[in-house]
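Start at 1 with the first residue, then count along the sequence. Atoms within each ligand, like the ligands themselves, are counted from 1 in listed order.
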Amino acid sequence: PLLRASAPAVERRLRGSALVRGGFVSPAEAAELLRELEPGLGRRPYQFDHWDGAICGYRETERGRWGGAAGAVLRRVAAAFPPGRPPLGLVHVLDLHPRGFVRPHVDSVKFCGCTIAGLSLLSAAVMRLVSCRAPGEWLELLLEPGSLYVLRDAARYDFTHEILRDEESFFGGRRVPRGRRVSIICRNAPPADTTPAPP
Ligand code: AKG
């Protein structure tokens, strides 16, 4: 299994809102995606010094245009989004150093809508979701290279998510060693503000 929960009720509650699809991209597609991304990523240093930020040990970029095979993968990812709420054209690419990690956070509701979908490349990692209201309630996702995860609705709004650092990278009893990990993260836009303008 690719999910572990603190209790069966948590897994039931997040069924359909937090999910992982192993083998979503083939090794050939993963190689193609990395070939496209490396020239843009390779020139930047990893950032470790932003200790107040959510992410430590990373470099990142955004990308709006993808070549043939990569474009086809991104169109498959778009199917994880609800009708009428497609992913933004600019896709977030996050390159985590082997010692890099992502602290618990909820993506800003100002910049991100109801759905987050991420492809994991190169290294496996563990993503942990923790309930904002009841911190004893958690769900862990095993993100193997080539997998796709989707966080939507309750998993996106009511739980923090984080990527565990190497020392803490366990999935139950299983050690999940962290190497360099590249993720390609699609998000949709927040709902348009429907508040009437003041007269
Ligand atoms: C974020 O960028 O907000 C993340 O949580 C990154 C998740 C990932 O690397 O898949």
Side-chain angles (χ1 to χ4, degrees), residues 2-3 14 17-25 29-30 33-34 37-38 40-41 44 46-48 50-64 70 73-74 76-78 80-81 87-132 138-166 168-169 171 176-190:
L2 301 175
L3 298 175
L14 293 180
S17 102
L19 47 106
V20 189
R21 296 271 175 272
F24 187 84
V25 297
E29 288 170 327
L33 286 162
L34 286 164
L37 293 174
E38 286 291 9
L41 288 169
R44 297 154 202 249
Y46 287 94
Q47 288 181 254
F48 283 94
H50 290 194
W51 287 97
D52 50 339
I55 313 180
C56 177
Y58 71 103
R59 49 195 190 186
E60 63 188 343
T61 184
E62 284 186 321
R63 197 175 177 92
V73 170
L74 271 289
R76 272 172 19 227
V77 175
F81 288 73
L88 294 163
L90 272 185
V91 174
H92 180 195
V93 179
L94 179 65
D95 180 350
L96 270 189
H97 186 273
R99 283 185 286 110
F101 57 95
V102 182
R103 295 189 179 84
H105 68 285
V106 175
D107 283 24
S108 164
V109 294
K110 258 199 201 154
F111 303 113
C112 173
C114 60
T115 303
I116 304 165
L119 286 171
S120 301
L121 303 175
L122 294 180
S123 168
V126 177
M127 176 178 273
R128 180 189 289 149
L129 273 52
V130 178
S131 165
C132 299
W138 53 261
L139 182 79
E140 285 174 353
L141 286 62
L142 179 60
L143 305 179
E144 305 265 25
S147 68
L148 175 77
Y149 70 84
V150 181
L151 306 179
R152 54 165 81 103
D153 306 326
R156 179 260 181 273
Y157 292 111
D158 303 339
F159 284 70
T160 59
H161 60 274
E162 65 195 285
I163 298 285
L164 302 184
R165 66 181 86 198
D166 183 53
E168 298 170 1
S169 192
F171 188 70
V176 181
R178 273 286 322 283
R180 177 185 174 212
R181 170 176 180 268
V182 171
S183 53
I184 300 174
I185 309 156
C186 299
R187 300 177 170 90
N188 57 3

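- With ligand atoms numbered from 1 in the order given, ligand 1 contributes 8 (C), 9 (O), 10 (O) to contacts under 4.0 Å with heavy atoms of R181.
- Only side-chain heavy atoms of I185 come within less than 4.0 Å of ligand 1; its backbone N, CA, C and O stay farther off.
- The closest approach between a heavy atom of G118 and any atom of ligand 1 is not below 4.0 Å.
- Once rounded to the nearest 0.5 Å, the distance linking OG1 of T115 with CG of D153 reads 6.0 Å.
- Near D107, the atoms of ligand 1 lying under 4.0 angstrom from a non-hydrogen atom of the residue are 3 (O).
- Partners of Y46 under the ring-ring contact (aromatic ring centres under 6.0 Å, His included) rule, at least two apart in sequence or in another chain, are H97.
- A heavy-atom distance below 4.5 Å is not found between the side chains of L14 and L3.
- Atom numbering of ligand 1 starts at 1 in the shown order; those under 4.0 Å from a heavy atom of L94 are 6 (C), 9 (O).
- Less than 4.0 angstrom separates some heavy atom of H92 from each of these atoms of ligand 1: 2 (O).
- The pair E162-R103 does not count as a salt bridge, with every side-chain nitrogen at least 4.0 angstrom from each carboxylate oxygen.
- With hydrogens and angles ignored, the 3.5 Å screen pairs no side-chain donor or acceptor of R178 with any backbone N or O of F101.
- Ligand 1 places these atoms under 4.0 Å from at least one heavy atom of R187: 1 (C), 2 (O), 3 (O).
- Closest non-hydrogen pair, C186 versus P87, comes out as CB-CB, 4.0 Å.
- With distances taken over non-hydrogen atoms, the option nearest atom 7 (C) of ligand 1 out of F101, Y58, Y149 is Y149.
- Partners of R59 under the salt bridge (Lys or Arg N to Asp or Glu O under 4.0 Å) rule, at least two apart in sequence or in another chain, are D95.
- Close contacts of ligand 1 with H161, meaning ligand atoms under 4.0 Å from a residue heavy atom, involve 3 (O), 4 (C), 5 (O).
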